[in-house]
Protein chains: 2
Amino acid sequence: MTDDALRRELLDIPPTDPAVDRLVEEIIGRVADKWTMLLIEILTERGCCRFGELSRACEGISQKMLTQTLRAMERDGLVTRTVYPVVPPKVEYRLTDLGLGLSKAFCGVWIWAEENFRRIEQARSDYAERKAAEGGAG
Amino acid sequence: MTDDALRRELLDIPPTDPAVDRLVEEIIGRVADKWTMLLIEILTERGCCRFGELSRACEGISQKMLTQTLRAMERDGLVTRTVYPVVPPKVEYRLTDLGLGLSKAFCGVWIWAEENFRRIEQARSDYAERKAAEGGAG
DNA sequence: ATTTATACTTACCAAAAAGAGAGCATGGGC
DNA sequence: GCCCATGCTCTCTTTTTGGTAAGTATAAAT
């Protein structure tokens with residue numbers, strides 16, 4: 001019996017399907033990514049964006065990464081990609097319901113970050129100081 | 001005037017401090033990471049863990065990544081690290097209030113993933129099919 | 001004296017990620 | 001006839017990441 005199974009038995013926590021667990025973890029891994037999160041935020045705010053607009057709004061992203069991230073999001077059903085057959089090309093991206101749901105779910109994390117960034121900065125300088133003190137004395 | 005500034009003016013959205021924006025984005029990038037999210041989940045469930053326990057609970061993580069991730073979390077003030085001066089060594093990790101807050105914020109994302117993984121799987125197979133069809137016909 | 005246990009740290013190496021920059025397609029404006 | 005705009009794709013190179021394996025410290029058990 002694994003650690004976890006024993007713990008679950010002792011604490012009376014229902015067992016989980018490991019296949020589902022792995023899938024959920026894989027999705028979290030896929031989706032918990034800086035650019036994905038940023039794009040979702042931008043698309044939530046603006047509703048509908050062309051490639052170039054996203055490129056400008058998502059500061060620091062390379063064309064390659066943008067394409068890649070958008071493709072992955074499309075594949076996972078988070079955005080729709082609409083191609084207008086005009087020249088020069090026009091392509092629009094928009095969140096799906098699924099993507100909007102993730103946006104809402106992730107909203108809490110943005111709020112947390114906005115509310116707590118000062119504490120994190122503080123923690124970082126405290127940590128640096130502690131390390132410096134250790135280096136000097138310990 | 002940037003795209004964004006113009007948009008904000010037109011839509012009457014208050015301007016944001018770009019320094020804060022960047023910091024918040026950096027924090028999101030730091031924290032929206034598979035292992036960080038997993039460790040936070042494990043620590044939320046168990047309250048307090050030794051290194052070895054985390055190592056076993058966090059399936060697939062290497063010692064190096066575990067150490068690295070825990071250090072980063074400690075630096076950011078998400079966990080405390082308590083060293084007991086015994087042999088063999090004993091070190092305990094526990095979420096701080098800050099970490100617990102993030103845990104709560106992430107909770108929404110876990111729930112979203114659990115509720116929607118089937119739709120994502122579906123979207124993926126739809127996408128694959130569409131691509132295959134395009135490859136054959138387009 | 002040797003083994004064991006724990007929580008690392010370090011060095012090395014392979015693999016993956018990501019940036020830079022060129023190329024492509026094409027209708028309209030000059 | 002040529003250039004521009006857009007949204008890519010492709011290649012090449014660099015950077016980053018992450019795994020593996022070995023080393024460290026030390027008291028207690030054998």
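We name chains A, B, ... by the order of the sequence lines, and we start the count at 1 in each one. These figures come from a predicted structure and were not determined experimentally.
If you take CZ of Arg71(B) and C1' of dT10(C), they are 14 Å apart, rounded to a whole angstrom. Atoms CG (Leu66(B)) and P (dT10(C)) sit 17 Å apart, rounded to a whole Å. If you take CG of Leu54(B) and P of dT6(C), they are 14 Å apart, rounded to a whole angstrom. Distance NZ (Lys34(B)) to P (dA17(C)): 12 Å, rounded to an integer number of Å. Summarising the geometry, the separation between CD on Glu53(B) and P on dA7(C) is reported as 10 Å, rounded to the nearest angstrom. With rounding to whole Å, Arg30(A) atom CZ is found 12 Å from dA17(C) atom P. In this structure, CD1 of Ile61(B) is placed 13 Å from C1' of dT17(D), rounded to the nearest angstrom. The separation between Trp35(A) atom CH2 and dA18(C) atom C1' is 11 Å, rounded to whole Å.
Among the protein residues, Tyr93(A) comes within range of the sugar-phosphate backbone only, with heavy atoms under 4.0 Å from sugar or phosphate atoms but none that close to a base.
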Between Glu115(A) and Lys104(B), does a salt bridge (charged side-chain N to carboxylate O under 4.0 Å, His left out) hold up when you go through it step by step?
-> CA-CA 14 Å; Glu115(A) 284 176 353; Lys104(B) 286 206 187 104; over 6 Å; no

Might you work through the side-chain hydrogen bond (donor to acceptor under 3.5 Å, both in side chains) test for Tyr127(B) and Arg75(A), ending with a clear yes or no?
-> CA-CA 6 Å; Tyr127(B) 183 85; Arg75(A) 187 176 85 96; over 6 Å; no

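Listed nucleotides: dA18(C), dT6(D), dG7(D). Nearest to the side chain of Gln63(A): dG7(D). The side chain of Ser62(B) lies closest to dT20(D) when the candidates are dA5(C), dT20(D), dC8(D). Distance from the side chain of Lys64(B) is smallest for dT20(D) among the nucleotides dC8(C), dT20(D), dG19(C). Of the listed nucleotides (dC8(D), dG19(C), dA7(C)), dG19(C) has the atom at the smallest distance from the side chain of Met65(A). Comparing dT20(D), dT6(C), dT26(D) by their nearest atom to the side chain of Pro89(B) picks out dT6(C).
Salt-bridge formation is not detected for the pair Glu25(B)/Arg22(B): no Lys NZ or Arg NE/NH1/NH2 atom is positioned less than 4.0 Å from an Asp or Glu carboxylate oxygen.
Nearest-nucleotide assignment on DNA chain C puts the 5′-proximal partner with Val87(B), out of Phe51(B) and Val87(B).
Phosphate proximity of dA7(C) to Arg50(B): present, with a side-chain N or O under 4.0 Å from OP1 or OP2. Regarding contacts with the backbone of dC8(D), a side-chain N or O of Arg81(A) is found under 4.0 angstrom from either OP1 or OP2.
Going from atom CG of Leu23(B) over to atom CZ of Arg30(B) covers 12.5 Å, rounded to the nearest 0.5 Å.
Partner Leu54(A) forms a side chain to side chain contact (heavy atoms under 4.5 Å, CB included) with one of Ile61(A), Leu43(A), Val91(A), Thr69(A) and no other, that one being Leu43(A).
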